[in-house]
Structure formats: C-alpha cells, structure tokens
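Step one of this worksheet: look at the structure below.
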Amino acid sequence: MNAVLQVLTKFGPARLAAMGGVTLALLGFFALVIARVTQPSMGVLFSELSSGDTSAITRELDARAIRYETRDDGQTLLIPKTDVAKVRMELAGKGLPSGGGVGYEIFDKGDAFSSTSFVQNINHLRALEGELARTIRTIGRVQAARVHLALPERRLFERDREAPRASIVLKLRGELGAEQVQAVRHLVASAVEGLAPDRISIVDERGRLLADGSGAGEAGGLSMAAAGDRRAALERRLRGQVEELVAGIVGQGRTRVQVSAELDLARVESRQESFDPESRVVRSTQTRGESSSTQNNEGQVTVANELPGAQQNANPPAARDNANKTEEVVNYEISRTTRTEVQEAGRLKRVSVAVLVDGTWTKPAGGGEPTYQPRSKEDLDRIAALVRTAVGFDRARGDQVEVVNLPLAEVPAAIAEAEKPSLLASLLNPSREDVLRFIELGIVSLLTIIVLLLVVRPMVKRMLEGAEGAEGLALAGPPQALALAAGGGALEAPPPAGGDESAARADLIAKAEASQVAQLAELARDNPKKAAAVLRGWMTEG
C-alpha cells in the first residue's frame, strides 16, 4: 500500500481528480447500461386517458403490485409488456377505462325500486350521453368527445311539442372534413328519438363552429355556416382538379390556382299549370228526346148539334198537333299539365378561375445562371381550354377563366440542385449549421486531447518506468544487487577467455555489465525500497 500511495502522490491532485472523474463517468455509464438491460421492457397499457381513468387504473395496478410508469402528464400508462394483454382484459371486466363518462352501466348500480322517476330520467340521459361520446371517440381523428342532449319533457294533452336538441364538443387530432362532421350529426340524430341532424351543434376544442344547430334546414333554407362549408368544399374540389390537370403540363409545383365560386342561397319553389285546347277527349254524352201530339174533337157550333139526339160524329175530325224535342249534352275533358319545381339553396351561380403558370427554365451547358423563357400564346390558349372544360365553363352564367404566364419566385427543384455549390465553395462560405458543427467537433477533439495528455499519458509513463526499474534489477543478478546494497561500485569484467575475438567479446560484455551496474545503482538510489524488496525476494527464493 505504501508503494501505491507513493505512486498516487506523484500524480498530483489535478491528475487524480481527472482520473477520478473519468472513473466515475465509466462507472455511471456501465451502471446505466446494466439498469437498462436488467429492467423489464415496458409497453403502453392505455393512452390519452382522462384524469379520472388514470386514477382508477393506477389504484387497480397498485392493488395488484404491478409496476407502472406514467407519461404525458398521466395520459399514458406503461407496464411490463408481458402483462399488457392480461391487465387489459382484467380492467375491461371492471369497465376501465370508462372514457371520462358513464354509460348504461350506471343502471347496474343502485336500487331501481327506491329511485324516483326523476332520478331514472336523469340516469337515462347521462347514460345516453356517455354512450354517444364513446361511439364518437371511435372515429379516427377524434381524441375526446362530450355530448349534451336537451330532451323536452313529454306532457299529456300536448299539441305542440318542442323538438330535441344536441350539442357536441370534440377534441381533435387533426381536421375533420365536412363529410365526417355530417356523419357525426347523423349518427347522433339516429340514436335519439325525434332529433333532426339540423338541430345538432358541433364545436371543436379551439371554439370553432363545425356545424350549426339552428335548425335552418327545417324551413328548407341554408344557414350561413352550411353555405360557407359548401362553398369552400366546391372551391377546394375545383382547385384540386385544375391543379392536377395543369401540373401535368407545366410540372409539379410550377402553377398556382385560385377558384372563387358564388352560390345562390335562395330556395325557389315554382308551380306551373298548362291546358292544351287541341287535345280534347269526350268524357260523357247525355241524349234526351221528347214527343207530344194534340187532337181537337170540338166541331162547329150549330142548332142541329145542340138539339137532343143529335149525332156528334157527324162532324168531321178536327186537326191534330204533333211536337218532337231532342236534347244531347256532350262533356269534353281538356288535357292539363301541372308542374311543381323546387330549386334548393346552394346552386352554383357563378365561378371564376385564375391560373398562374410558370415558364420554362434552361441551364446553359457550360454553366452559369439559368435563363427564363415565357410560354407561347398557343400553349396558354390550350391550357385555358382544358381549364374551361374541367370546371364546366358556362358563358351565359357569367363564368370567367384567366390563364397568365409569369415567373415564380422560387427556382425549379432540378435547376436548384444543379446550382448547388461545390465542396470548396461550401468550405469557403460555411452556413450557420456548418459553423456550429465545426465548433462542436473542436470541443470534442480538445477534450479528447486533454484526457490523453493529463490522464492516459502519465499513467502509461508511470507504468513503463516501474516496469523498466524492476526489469533492470532482475537482470543485474544477485552479485550486482549485493554489491550495490553494500555500497557498490563498478564490478570488474571477467578475464578474457582467449584470442582476439574472445578478448573483444569480453570487453563488450564488461562494458555492457558496467553500464547495467551504473543504471542499477542509479535505480537503487532513486528507489531504495524497491531495491530492498527485490533483494528480499531473492533471499526468500534461496
């Protein structure tokens, strides 16, 4: 230990501190690696949980002594992957997670016989709202949902009943399209008796109105919000069609398209009834005939006729009157056409399309700045004809289509890649990111050099010096070490064995031994404790 302490003392406090810091860093690194390797792999049990669900689930995990971790402010729970499936099934049996609301399981608790009708109605409303919220959350982009239903109370002998209403608040991961919003409205309307889709309001977490529940659709009109959505959808569809068409000609990203659509928000209902006098049809015929006749039996008034016993037939018959009458009534039906036409609100009244196309860019073969060349009038006319066909151009409606050729501010990607600076130009004009990267590399290199010079180099040098001293004492042998221990001096070389070569060899050996003895003497003076240790070792070995 004395030798070890002596070596450590020679290092100095700065080197010892550096060595200690490196040792602690290595120990911490290996401890972290061992901890990472030994700890179980964690998997996501549930994510996007409400605070109530997180509290209930963590209580269940604590009761089962299952290790868990929370992330995202408690919205995500992680447990060992081997227990994920089992724990999910066990928690599902207890109705967890509940999604921050209650559903029809509310009727599983409590005594139905002791509950009043008011409490039962409130529980039914809560259960219906909770089930609808859970169903809406199954939509991909919906993270959370809350549903509020306003169901009027049914009363006896009530003629005019107020229609139910609903309000929905959605927390979204992205954007909901118009079709998805309508799907949510119809989903809720189908689940609630008497609820119309037009009386459902939908708002997102940022307070934007996604659907207006004013009920304007009942009167056949179109609300401003619905009209705006329809207009935006129409403009977006037309713009996408035109961009796809023109981009295939001038290149992707080399065109800009703007579409402005004007909608007619008036709802028009017209009825027309027309008669065709040329188209007559006999509907009924009625014929009636009358015939009558009269005869005058009275003759001339004379004395003979008035006498008793006079013969009346003696007179000739008087004249007879006959009358015939015939009536015929014919009823005709004239063809009649009744036409009822209803023009719903939201018809396309007028459309305007503005198309900006870029010209052609060419790069000289020998290098240099790219040149811009505008497109010809014939090309612009062809593009305009295609755009008119794509949007359903109607001149009588007042539609407008304008195609203009102007250079865009950004250079095309192919030309920009060709204009990339060379390596030498990049080094001469470094960017901010390059400067930060060079500074980072310089700091790492400087720290590496400092560690090598202050820690590694002294350790290697001390180790090599200790090894050379022990090797020199071992090579000196017992006679030289004993001579050094006794006060030492140069040992005499052995006599030559004979001959010139032997004498020369003997001289070389003597010089080498003298040099070794001098080195051993210096080592012994510098390290007397090591020399004594070597001698004790030899004496112990016998």
Backbone N/O of [Y] and side chain of [X]: donor-acceptor pair under 3.5 Å:
X	Y	value
R347	D264	no
R375	V357	no
T389	A385	yes
E333	R283	no

For the pair [X] and [Y], find out whether any cationic side-chain nitrogen is under 4.0 Å from an anionic carboxylate oxygen.
X	Y	answer
R64	E60	yes
D399	R395	no
R165	E162	yes
E378	R382	no
E205	K171	no
R254	D358	yes
R208	E175	yes

Original post:
With sequence neighbours excluded, what pairs up with Q180 under the side chain to side chain donor-acceptor pair (under 3.5 Å) test?
Top reply: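 Scan of Q180 (side chain to side chain donor-acceptor pair (under 3.5 Å), adjacent residues dropped) gives none.
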Is it the case that atom [atom1] in [X] sees more than 12 heavy atoms from other parts of the structure closer than 6.0 Å?
X	atom1	value
F275	CZ	yes
R71	CZ	no
E179	CD	no
E193	CD	no
E262	CD	yes
E269	CD	yes
R388	CZ	yes
E90	CD	yes

**OP:** Evaluate the side chain to side chain contact (heavy atoms under 4.5 Å, CB included) criterion for residues R397 and L348: first the C-alpha distance (whole Å), next the side-chain angles of each, then the deciding distance (0.1 Å), finally the verdict.
**Re:** CA-CA 9 Å; R397 195 171 54 189; L348 180 60; 3.8 Å; yes
Between [X] and [Y], which heavy-atom pair has the shortest distance, and what is it?
X	Y	answer
R141	L176	CB-CD2, 4.1 Å
L210	L172	CD1-CD1, 4.3 Å
L149	E129	N-OE2, 3.0 Å
P164	P152	CA-CD, 3.8 Å
V401	A384	CG1-O, 4.3 Å
N405	G359	ND2-N, 3.4 Å

Subject >> Derivation of the side chain to side chain contact (heavy atoms under 4.5 Å, CB included) call for T70 and T76 >> reply: CA-CA 6 Å; T70 59; T76 303; over 6 Å; no
Subject >> Side-chain donor-acceptor contact under 3.5 Å, R59 with S55 >> reply: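 Per modelled atom types, R59 and S55 side chains form a pair under 3.5 Å.
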Is the closest side-chain heavy-atom distance between [X] and [Y] below 4.5 Å?
X	Y	result
L77	V44	no
V257	L356	no
R231	S260	yes
T337	E273	no
V184	I139	yes
N123	N121	no
L45	Y68	no
V192	L132	yes

**OP:** May I have all residue pairs that pass salt bridge (Lys or Arg N to Asp or Glu O under 4.0 Å) and include part of residues 74-89, sequence neighbours excluded?
**Re:**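 Applying salt bridge (Lys or Arg N to Asp or Glu O under 4.0 Å) to every pair that reaches into residues 74-89, excluding sequence neighbours, yields nothing.
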**OP:** Give the C-alpha distance, both sets of side-chain angles, the deciding distance and a yes or no for side chain to side chain contact (heavy atoms under 4.5 Å, CB included) between T285 and N331.
**Re:** CA-CA 6 Å; T285 302; N331 294 323; over 6 Å; no
What's the separation between atom [atom1] in [X] and atom [atom2] in [Y], rounded to the nearest 0.5 Å?
X	Y	atom1	atom2	answer
S190	R185	OG	CZ	12.5 Å
L209	D204	CG	CG	9.0 Å
Q373	T360	CD	OG1	4.5 Å

**OP:** Determine, stepwise, if the pair V351 / D394 fulfils side chain to side chain contact (heavy atoms under 4.5 Å, CB included).
**Re:** CA-CA 9 Å; V351 62; D394 188 0; over 6 Å; no
Subject >> Positive for side-chain contact (heavy atoms from CB on, under 4.5 Å) with Q241, one of R237, R239, E244, E243 >> reply: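 The residue from R237, R239, E244, E243 that satisfies side-chain contact (heavy atoms from CB on, under 4.5 Å) with Q241 turns out to be R237.
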